Amino acid sequence: MTGGGEARPAAEDRRIGPAILEMRNITLRFGGVTAIHDISFDVREGEIRAIIGPNGAGKSSMLNVISGFYRPQEGEVWFRGERRRRLRPYEVARQGIARTFQNIALFQGMSVLDNIMTGRLNLMGASILAQALWWGRAEREEVAHRGKVERIIDFLEIQHVRKTPVGRLPYGLKKRVELARALAAEPRILLLDEPMAGMNVEEKEDMCRFILDANDEFGTTIVLIEHDMGVVMDLSDRVVVMDYGRKIADGPPETVRTDRAVIDAYLGVAHG
Amino acid sequence: MPDQILFALEVTLNGLMAGVLYSLVALGFVLIFKASGIFNFAQGVMALFAALTLVGFQTGQVPFAHLVNVLFGTHVEHFGWTMPTLAAIAATMAVMVVMALLVERLVLKGLINQAPIILFMATIGLAYFLEGFGDIMWGADIKRLEVGLPQGLSETIDAATFAWFGYGFFIDRLDIVAALVAAALVVSLTLFSQYTRHGRALRAVADDHQAALSVGISLRAIWVLVWSIAGFVALVAGVMWGTKLGVQFSLSLIALKALPVLMLGGFTSIPGAIIGGLIVGVGEKLFEFAVGPLVGGATENWFAYMLALVFLLFRPQGLFGERIIERV
Ligand SMILES: Nc1ncnc2c1ncn2[C@@H]1O[C@H](COP(=O)(O)OP(=O)(O)OP(=O)(O)O)[C@@H](O)[C@H]1O
Ligand SMILES: [Mg+2]
């Protein structure tokens, strides 16, 4: 177990609302490979929802469907009570769904601060012309956004690298900057693809704490892919388990952990 | 001071000024290449097209006059009015923005995720199309471009250098203006890209497409934006070169001079484009001055390419280009 330690308050004690996101009968194929096979699940407002499963189960694909990077052949995505039309990734982002990537996608040439500022691009209003004509107003807007970004930088404890080009940071810090950029967008839903992969124990504990705090303090709904079972048990309210593109279990962590199909899937991988 | 040194100094200054004009063209290339990884072969033709359009608007030329006359047996050439320079520049810029929109719509959109070489080929097609289109729209004759920029010997510099060295430097006032304009352009582009929302989005797209999408940036909107900016840079280059040489087909060939500039400066660096242009400008003038007489002159035609070639051997990424690191 690498998690934060004391148990989370039960779901009822926090403000967990109705479903904000519903995936209905999603099927996604790549040529002959069916990465996702007829999967449905929902995400409630304010909860931390984990997706787990062995390698190649289709977890990242699911996240990519939610964020619009992949387009499923079948199925519907319902967001905030409405059926979502086919959206491009940037349109999904503009609706308030931010994400991080399994392989980190940061702007390597930009500073940490600039990277995080890009997270706020959608919250900035002024048009090109307005920015040129009312330089003063554009500047005030910039300053206000800078203030917010600085708070996120403090929150994630990366003050010491604020001006460093991201390309020079060690892996663990990069992951943190990516989280910061996603948080900067003040998203309704935050999608995290293996935020702790490749980290040492200490870094993992920090990351766990940040995720829990983001959820507690900003009330951000979080969908999280994670391999470390300990982390998943500590963090999540409910868990979807995938295996070979199918959903094999769905429920609170303690039920899922003892589920026969889940144990088999994981043992199967261990032996395979 | 010995005459030879003064003379070389004058040549150097003139080289710097000529280099600024190369830089202007190279700048357009760099902008598009950085943001979309496309080497835009049409950049030179865009400068020609912008200059043609500007003259056309200024002098009240009827667009497609020849075509209209042939089709309808009419004899229209001019509307009979002239447009103030500033209005004509604004109208030309509007045309360049429309062009950017069309390029994105009709060319880039269909080629998303294609190999760079295919996009490059597409811009070659675009170059030929735009060249022909410019001809049909405004006619193929050589036009004078007059936007009120000063031209001819700068007497101030002539007098000042004469007073100091006893030898008056010949510097064209247009070249001085070009240098100032180029400097202003670089400063404003830098401010734009560093401190505005769209500038930041542009840098983001230049850096990582996937990450840019994930923070809600529309790649297509950014491409329209960069092509518009490149259109603006082409307009500036077209005005400078057009004023100097007249607006004619050979303007589009200045793009070929931009190539060695880019090899020197690197394809992804705005300061690189400027410095590269200056090096090529000074280099070819000095070389012609020093070596030209020995080999029968006309070294300016090939010097830049030779310099670029030598450079490629030692620093293939250019002076300011990103290091090319081979992953093994
Ligand atoms: N862009 C793609 N093109 C083709 N096949 C893909 C693509 N993305 C995913 N796949 C395939 O879909 C299946 C599921 O992959 P996915 O990345 O979603 O798994 P995952 O559960 O995230 O695995 P991991 O734990 O290794 O990250 C795999 O067979 C993979 O090869
Ligand atoms: Mg994955």
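Within every chain, numbering begins at 1; the chains are lettered A, B, ... in the order of the sequence lines, protein sequences first and strands thereafter. Just so you know, these numbers come straight off a predicted model, no measurement behind them.
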Heavy-atom closest contact ([X] atom, [Y] atom, distance):
X: B:Y195; Y: A:E142; answer: O-OE1, 4.0 Å
X: B:S214; Y: A:A93; answer: O-CB, 3.5 Å
X: A:F107; Y: B:D207; answer: C-OD2, 3.3 Å

With rounding to the nearest 0.5 angstrom, report the CG to CZ distance, A:N122 to B:R197. 8.0 Å
Using heavy-atom distances under 4.5 Å, tell me whether [X] contacts chain B through its side chain, its backbone, both, or neither.
X: A:Q108; result: both
X: A:R181; result: side chain
X: A:L121; result: both
X: A:T118; result: both

Is any side-chain heavy atom of B:R200 less than 4.5 Å from a side-chain heavy atom of A:M124? yes
Do B:S218 and A:R94 have side chains that approach each other closer than 4.5 Å (heavy atoms only, starting at C-beta)? yes
Is there a donor-acceptor pair closer than 3.5 Å between any side-chain N or O of B:D208 and the backbone N or O of A:A105? no
Above 12 or not: heavy atoms from other molecules or residues under 6.0 Å from CD of A:E217? yes
Which portion of B:A212 sits near chain A, non-hydrogen atoms under 4.5 angstrom: both
I'd like to know which of A:M117, A:R99, A:Q95 tops the heavy-atom pair count under 4.5 Å against chain B. A:M117
